[in-house]
Amino acid sequence: MHKALFRPVIALIALTLLAATAGCGTGASQASAPVSFGPGTSAALHRTPAGKHSLVQWPTRPISFTEESRVGGAGRNTPIGVTTLHGPKSGFTGKVWVWAPPEYYEKRNANKGFPVMEALPGSYGYPVNYWIGSDLKLEESLAQWSKDGTSLPFILVMPVLNPNDKQYYDGSDIPGQPKIGTWLSKDVPDLVRQNFRTLKTRDAWAIMGSSSGGFAALKNVLQNPETFKMAIPNGPDIVPDSPLWNGHAKEERENNPEVLARRLIARGGPQVYVAFQDGSRENTVLPKVRKFISQYGHGPVHTRLQVVPDGTHSAATYVQGLGEGTMKWVSARMTGPTA
């Protein structure tokens with residue numbers, strides 16, 4: 001199982017994050033502080049009534065997050081917040097981290113809704129989501145690419161991927177287990193809508209993930225195209241492989257991207273876009289991705305493959321790929337900040 005390649009990295013990142021949240025990391029705030037992305041932000045103070053045909057979806061039930069750290073560089077000291085979400089639709093409780101780009105706070109954008117990217121980690125993705133780590137610089141990189149004009153300014157939402165570090169749940173509602181599929185596809189997006197200025201269109205929603213999280217991203221865009229228009233699967237699994245599916249073959253099939261892709265193609269849409277990323281040294285994963293693209297990358301399923309030279313099955317490889325063309329391709333097919 002190639003997911004295991006992430007385990008040493010996850011352990012190291014988890015230790016780094018624990019140190020950072022204790023105030024020992026250079027990117028951490030010295031003391032936890034509440035942070036709000038809703039009406040308490042300076043942008044929202046300038047709110048004007050939305051027009052009849054506005055796409056903006058204003059925050060409906062904002063809460064205060066706990067500040068986890070700050071994003072430097074092009075991130076302009078913007079906060080990453082964290083909360084514990086009790087998912088009303090899934091019944092699952094887990095941590096969720098959020099970040100808004102610098103443009104979100106600018107007065108000129110005070111009445112605009114922003115696109116959203118749900119970012120999922122690899123391996124167990126528990127108890128932290130490694131995309132918040134200052135070592136990977138995902139937020140700082142997205143801010144720089146937005147400044148350079150090669151990416152839209154995305155709101156990032158980064159939930160835990162699994163309910164524990166013992167099993168993989170394939171980002172799905174496996175019978176008798178926590179409803180992680182509903183958590184990722186319903187509860188987490190609802191949290192974003194309740195707290196941020198977003199847009200009332202699937203054209204502004206993307207989901208990204210690596211390894212086991214890449215599988216969840218691929219599955220979600222095919223299973224929930226009414227929510228997500230774009231997926232960025234990094235070094236993903238292509239079919240379900242959690243041992244928890246044993247005895248549940250029918251349900252496993254309903255969460256198989258190959259099956260979901262065939263159905264989407266057969267009914268002719270809606271149109272979805274899948275930006276695969278792999279390192280050139282991912283000898284096990286890359287052939288499976290190429291095969292999926294050749295079989296299902298047609299009709300309403302639009303695909304692209306970014307192969308990172310000398311890249312490995314690692315989050316650092318995938319951040320590199322995002323900057324080498326993936327985010328430009330993704331952003332050109334999504335809706336940016338608009339009133």
Side-chain angles (χ1 to χ4, degrees), residues 1-10 13 97 116-125 128-133 135-139 141-142 145 151 154 156-162 168 170-171 184 205-222 228-241 257 261 272-293 296-297 301-331 333-334:
M1 182 186 298
H2 71 263
K3 295 171 184 173
L5 295 176
F6 268 87
R7 291 176 185 169
V9 177
I10 296 301
I13 291 173
W97 290 262
V116 179
M117 180 186 295
E118 185 171 336
L120 307 176
S123 190
Y124 297 114
V128 297
N129 182 317
Y130 59 55
W131 291 120
I132 69 172
D135 52 344
L136 293 175
K137 298 185 184 299
L138 176 61
E139 293 82 3
S141 297
L142 283 171
W145 298 329
S151 174
F154 284 92
L156 275 185
V157 54
M158 299 162 281
V160 294
L161 178 60
N162 287 299
Y168 298 108
D170 281 342
L184 296 176
W205 285 81
I207 183 166
M208 178 183 77
S210 300
S211 194
S212 52
F215 169 85
L218 174 61
K219 189 203 75 163
N220 257 292
V221 80
L222 298 169
F228 301 104
K229 179 182 182 179
M230 179 71 66
I232 308 174
N234 304 316
D237 294 314
I238 299 299
V239 296
D241 65 355
V272 296
Y273 296 80
V274 186
F276 288 99
Q277 293 201 127
D278 286 281
S280 64
R281 293 165 56 188
E282 292 193 73
N283 298 323
T284 301
V285 180
L286 192 50
K288 296 177 182 178
V289 169
R290 292 188 189 277
K291 182 179 179 182
F292 182 92
I293 291 173
Y296 305 108
V301 182
H302 306 272
T303 59
R304 179 184 187 271
L305 174 60
Q306 181 84 32
V307 178
V308 180
D310 204 36
T312 61
H313 192 65
S314 67
T317 287
Y318 306 138
V319 173
Q320 180 181 339
L322 291 173
E324 291 181 348
T326 296
M327 288 312 303
K328 185 175 182 179
W329 187 84
V330 165
S331 297
R333 288 155 180 81
M334 297 186 66

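No hydrogens, no waters, no symmetry mates; every other heavy atom, side chains included, goes into these values.
- Taking every heavy atom of both residues into account, Leu286 and Gly279 meet most closely at CD2-O, 4.1 Å.
- When all heavy atoms of Pro159 and Asn129 are compared, the closest pair comes out as O-ND2, 2.8 Å.
- Distance CG/Leu156 to CG/Leu142: 5.5 Å, rounded to 0.5 Å.
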Trace of the side chain to side chain contact (heavy atoms under 4.5 Å, CB included) decision for Met117 with Met334: CA-CA 11 Å; Met117 180 186 295; Met334 297 186 66; over 6 Å; no
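- Of all non-hydrogen atoms in Pro121 and Ser212, the two that sit nearest each other are O-OG, 4.3 Å.
- Scanning for side chain to side chain donor-acceptor pair (under 3.5 Å) contacts around Ser280 gives an empty result, with sequence neighbours left out.
- Residue pairs meeting the salt bridge (Lys or Arg N to Asp or Glu O under 4.0 Å) criterion with at least one partner in residues 206-217, sequence neighbours excluded, do not occur; the list is empty.
- Without hydrogens or angle criteria, Lys219 side chain to Gly171 main chain gives a donor-acceptor distance under 3.5 Å.
- Under the salt bridge (Lys or Arg N to Asp or Glu O under 4.0 Å) criterion, Arg333 pairs with no residue at all, not counting sequence neighbours.
- In terms of the side chain to side chain donor-acceptor pair (under 3.5 Å) criterion, Ser151 has no residue partners (sequence neighbours excluded).
- Separation of atoms OG1 (Thr312) and CG (Asn283) is listed at 11.0 Å; rounding is to 0.5 Å.
- With contacts defined as side-chain heavy-atom distances shorter than 4.5 Å, the pair Trp131/Val319 qualifies.
- Classified by interplanar angle (parallel below 30°, tilted 30° to 60°, perpendicular above 60°), the ring pair Tyr273/His302 is parallel.
- Nearest heavy atoms, Gly209 versus Ala217: N-CB, 3.8 Å.
- Between Leu218 and Phe276 there is a side-chain heavy-atom pair separated by less than 4.5 Å.
- The closest side-chain heavy-atom distance from Leu322 to Met208 is below 4.5 Å.
- Of all heavy-atom pairs between Pro233 and Gly214, the closest is CB-O, 3.5 Å.
- Atom CD1 in Ile238 sits 8.5 Å away from atom NZ in Lys288 (nearest 0.5 Å).
- Residues meeting the side chain to side chain donor-acceptor pair (under 3.5 Å) test with Gln277, sequence neighbours left out: Asn234, Thr326.
- No donor-acceptor pair under 3.5 Å is formed between the side chain of Asp237 and the backbone N or O of Phe215.
- We find the CE-OG distance between Met230 and Ser331 to be 8.0 Å, quoted to the nearest 0.5 Å.
- Using a 4.5 Å heavy-atom cutoff, the side chains of Pro309 and Glu324 are in contact.
- For Trp97, the side chain to side chain donor-acceptor pair (under 3.5 Å) partners are Glu68, not counting sequence neighbours.
- Here the side chains of Tyr130 and Ser210 are in contact, with some heavy-atom distance below 4.5 Å.
- Taking the side chain as every heavy atom from C-beta outward, Glu282 and Val289 never approach each other to under 4.5 Å.
- Of all heavy-atom pairs spanning Tyr318 and Gly235, the tightest one is OH-CA, 3.4 Å.
- In this structure, Leu120 and Glu118 have side chains that are in contact, with non-hydrogen atoms separated by less than 4.5 Å.
- Within the 4.5 Å cutoff, side-chain heavy atoms of Phe154 are placed close to those of Val330.
- Atom CG in Asn220 sits 5.0 Å away from atom CZ in Phe228 (nearest 0.5 Å).
- A donor-acceptor pair under 3.5 Å is absent between the side-chain atoms of Asp278 and the main chain of Val307, judged by distance alone.
- Here the straight-line distance linking atom NZ of Lys291 with atom OH of Tyr296 works out to 8.0 Å at 0.5 Å rounding.
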